[in-house]
Peer 1: 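Structure provided below as structure tokens; questions to follow.
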Amino acid sequence: MAGNWKMFKNPAETSAFFEKFLPQVASATHCEIVLCPPAINIPAAVAATAGSRVGVGAQNLYWKNEGAFTGEISGPMIKAAGAEWVIIGHSERRQFFGETDATVLERTKAALAAGLKPIVCVGEMLAEREAGETEAVLTQQFDGGLAGLTPEQFAQIVIAYEPVWAIGTGKTATPEMAADAHRIIRARVEAKFGGNTAASVRILYGGSVKPDNVKGLMAQPEIDGALVGGASLEPSSFASIVNF
Ligand code: PGA
């Protein structure tokens, strides 16, 4: 269960969140729990979660370790700050910051090289779904990106299926729609990396996951967890999603 805070909260608000959140998930051992705050809050999140089961992640990274790349942060920097995870290829990065399948692959390789666990996002836009192109889009995103990993690299990643039309809109994919998309992705994984890998790769669903719809989504065997935006900003809301 991963939370993506996007561009919300400052360091003091980050510490305050964990003070309330950690006691509410103290007995949750059925899943891994990860929060991905804005990079500037990673030290506060790492300090607040020390000794707990809650992991911390970044929301993006650049694929060079260091250099003249103003505004970017690297995998080794994220790792040194104490985070273990990183979201890669979120649809907002694809839509607003020029992320492509090829740069998703570069970032994923860089994250793995730095010892981070990538959560790699894929998903179709509304027009693509309405045009019946969901399978083609997911296939293209997989073949143009993640298929470039070695089997050893692929075994370490988590995939997040996030239909763009369901992000921040209150429109969740039905559990059946989400499961169908997960099956498409898993079939691509099987074709490229084999059945064992396809069975074991974790695929999260993201897009307006809330305390009141998480149960139905998680009842689908295809859905291994959730990547939660808005509902991860409030401690008791994200805690009730974790404790679904
Ligand atoms: P949402 O965002 O839960 O606010 O729809 C999900 C995401 O973008 O990861």
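We're numbering straight along the sequence, starting at 1. In each ligand, atom 1 is the first atom listed, and ligand 1 is the first ligand listed.
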Peer 1: Rounded to the nearest 0.5 Å, what separates atom CD1 in I78 from atom CH2 in W85?
Peer 2: 14.0 Å

Peer 1: For ligand 1, list the protein residues that place a heavy atom within a distance below 4.0 Å of one of its atoms, sorted by chain and number.
Peer 2: N4, K6, H90, E162, A166, I167, G168, G207, S208, L227, V228, G229, G230

Peer 1: Show every salt bridge (charged side-chain N to carboxylate O under 4.0 Å, His left out) that has at least one partner inside residues 139-150, sequence neighbours left out.
Peer 2: D143-R188

Peer 1: Examine distances only and state if a side-chain atom of N60 and a backbone atom of E72 form a donor-acceptor pair shorter than 3.5 Å.
Peer 2: no

Peer 1: Is the distance between the ring centroids of H90 and F97 under 6.0 Å?
Peer 2: no

Peer 1: Quick one: salt bridge (charged side-chain N to carboxylate O under 4.0 Å, His left out) pairs with a partner in residues 79-92, sequence neighbours left out?
Peer 2: K6-E92, E84-K117

Peer 1: Quick one: list whatever passes side-chain hydrogen bond (donor to acceptor under 3.5 Å, both in side chains) with S232, sequence neighbours left out.
Peer 2: none

